[in-house]
Amino acid sequence: MTARELFLEELATRVQTLAVQAPALALLRNSAELDELPAGKLESFKYTPIESLYDTALADPEPGAMDVPDAPLRIADADHFVVPVSGIDIDTSALPAGLSALGLAESTLDLKELNAGLDVVRYPLVHVNTALIRDGLVVRVAAGHRVTPTLQLNLTSAETATCSRVVIILEPGSELRLFEQHHQSVVANRVLEIRLGADSTLHHTRWQGRSDCSAWQLTSVVLEDNACYRLDAFSLGGAPHRNDFHVRLTGNGADFELKGVQLTRDADKLDQQVVVEHVGQHGRSRQRIHGIASGKSRLSFNGRIHIHPGAQHTDARLTNRNLQIDGSAQINTKPELEIYADDVQCAHGATVGQIDAEQLFYLRSRGISDAAARALLMQGFLADCLPDNSLGQQIGRLLDAELGGPGA
Amino acid sequence: MSNILTIEALQVEVAGKLILKGVDLQIRGGEVHAIMGPNGSGKSTLANVIAGRPGYSVSAGSIHFKDQDLVELDPEVRARLGVFLAFQHPIEIPGVSNMEFLKAAVDSHCKAAGTEPPDSMEFIKHARAVAATLDLNPDFLKRGVNEGFSGGEKKRNEILQMLLLEPTLAMLDETDSGLDIDAMQTVAEGINQFRSADTAVLLVTHYQRLLNYVVPDFVHVLVDGRIVRSGDRSLALELEERGYGWVTATAA
Ligand SMILES: Nc1ncnc2c1ncn2[C@@H]1O[C@H](COP(=O)(O)OP(=O)(O)OP(=O)(O)O)[C@@H](O)[C@H]1O
Ligand SMILES: [Mg+2]
């Protein structure tokens, strides 16, 4: 038996167990198209072979594994609220006006259409997520509502076990701040779907700390007319981590801005893929992702900009800069452009470099040790990618500690 | 007064090429030495090898700072001992704020000296005050290190670092180049403020004008990796009048 066959067999058993444990979504689970899981290689999974998923167990975590340490990042209590990702036991009285949060089974979503907006061909792991759904969360912000406190999602093993499905819907003219924090001690396969109605705005900060358990996640976002999506994404590696961001600007005048940091060290593996599709006209996208890889780690980034026919007056930019800290770290970066409209502006660039010897000597000539100087230079390299707010400062400190700076 | 810097028969190779071909130089406490010489003669090489720039290898001779052999020491160790180099071309480091950089530098000196690093607020106040004496707007402290600074601003930022780090030996590599007349006076005042019986200055310059403000005790002429002539201040004036051809001709 191949690893894939064994994996499918294990999945089938798990689906049966879940049918008893969580019957509400049995139909949805059974609809998972597991046949679509590829047997061979997939180009989009070049650096994180999808076969490696078949070797990882998907069992529910042991009770001990559910104990996760305190989340490293905090937003002042008054400024945020937490909704359980499992969609279970939501305290509706604690929700701000205009925002509703329901479990997947209780929501009004048409579950037969749940995967309709997702690119399951590029990211077939959606099928695994579907097969193992225990419950899920649907958050909706009503039209015209601006929610001030930040919605915090804790993607911890205690919250979500192995799989989770979150759908966030911003109705026209609404606004939300979202802070997604990962902290896991089990293998995870997650899908986060975001639907941004016309003139809505989502500020999304994502922090994924280091973890010894592999994690796979698709974040799929659709922007309608004049919707605005700001994503600040921080990913530290660990056991193979794979993050797919699939952002479709379907409406006219939609705006997407991504600032990202990706860090790997030791034997970490991190593979991030961002696909931006410009479908509507006058769309704008800005992406800046800076990465640092040290040790024997492997850092992969793929940034694809796809400008569809008719997406005139698109203005799309992507910058990916990487620092290789020692010769044995591997960095793969591949920007891809596909342009089918003629009146567009599009620029992309990807670089892999080393710490600048002149800068290093300058700092050392002032008495700063070699290690501290390197840490300062790495922090400086990431400075452009940090949000200018209190969360950004906290993230900055965590990254400094990760880089071994004076703050460490 | 004992020697602060003692260089004997120094030969230095850069990228496999012999650049300094036997340099002797002694600088005592309280002295200012000026080094002049044509482009490419090795002036910056001399200053950089004393500061410990990687890739500049000493193939013969010695460099002592007080009694300490510098040759094997890392640049940061030399800096903490009291060696300072104001770069001919100060380096830009976007993303690292000037203040953060200055504080890290001063803290590293304190740590080496076993003293308590200054409190952040006090340090900021002090740095602003020193910047003001150099006509450097305090906003420069918030910006990235030398990021987008004009040539003159970069040079003033070098002097700011010198005044904050309080070295024993300050080497200023063409700090006067690119300065307007007022800035040259301001920088010269900074250098004069630094002069004392316990400190020493090595000035690399192409122009005798700076030497009107910072009067040197000795002037050396470096040509093709060798000091071909040494004298007092009048040598600089003579050079300005007659050019380097005159020294090389008389030295030969
Ligand atoms: N990293 C290097 N690789 C190769 N050659 C070098 C390097 N650094 C210096 N040199 C060479 O060494 C010689 C001396 O250079 P140096 O910078 O010391 O001259 P300088 O006297 O300071 O000149 P200037 O007045 O133009 O500043 C030059 O020929 C220069 O090209
Ligand atoms: Mg020079």
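Every chain is numbered from 1 and lettered A, B, ... according to where its sequence line falls, protein lines coming before strand lines.
- With a threshold of 4.5 angstrom between heavy atoms, B/Val106 does not approach chain A through any atom at all.
- Residues A/Gln359 and B/Glu92 form no side-chain contact, since every pair of their non-hydrogen atoms from C-beta on lies 4.5 Å or further apart.
- B/Arg78 does not touch chain A: none of its heavy atoms, backbone or side chain, sits under 4.5 Å away.
- Looking only at heavy-atom pairs under 4.5 Å with chain B, the residue among A/Ala373, A/Ala357, A/Gly380, A/Gly367 that has the most is A/Gly367.
- Not a single donor-acceptor pair under 3.5 Å links the side chain of A/Ser365 to the backbone N or O of B/Pro75.
- Annotation: side chain of B/Glu100 is in contact with side chain of A/Leu376 (closest heavy-atom distance under 4.5 Å).
- The environment of A/Arg298 atom CZ is dense: over 12 non-hydrogen atoms of other residues, nucleotides or ligands sit within 6.0 angstrom.
- With contacts defined as side-chain heavy-atom distances shorter than 4.5 Å, the pair A/Asp370/B/Glu76 qualifies.
- Taking the side chain as every heavy atom from C-beta outward, B/Ser108 and A/Arg364 never approach each other to under 4.5 Å.
- Summarising the local packing, CG of B/Asp139 is surrounded by more than 12 heavy atoms from other residues, nucleotides or ligands at distances under 6.0 Å.
- Around CG of B/Asp119, the count of heavy atoms belonging to other residues, nucleotides or ligands within 6.0 Å exceeds 12.
- Between B/Ile91 and A/Phe361, the closest side-chain pair of non-hydrogen atoms is not below 4.5 Å.
- Once rounded to the nearest 0.5 Å, the distance linking CZ of B/Arg80 with CD1 of A/Ile368 reads 9.0 Å.
- Taking all atoms of both residues into account, the shortest heavy-atom contact from A/Arg366 to B/His109 is O-CE1, 3.1 Å.
- Looking only at heavy-atom pairs under 4.5 Å with chain A, the residue among B/Pro54, B/Gly55, B/Ala51, B/Gly95 that has the most is B/Gly95.
- Note: B/Ala105 leads B/Ala105, B/Ser97, B/Pro90, B/Gly52 in heavy-atom pairs under 4.5 Å with chain A.
- Within the 4.5 Å cutoff, the side chain of A/Leu363 has heavy atoms near those of the B/Ile93 side chain.
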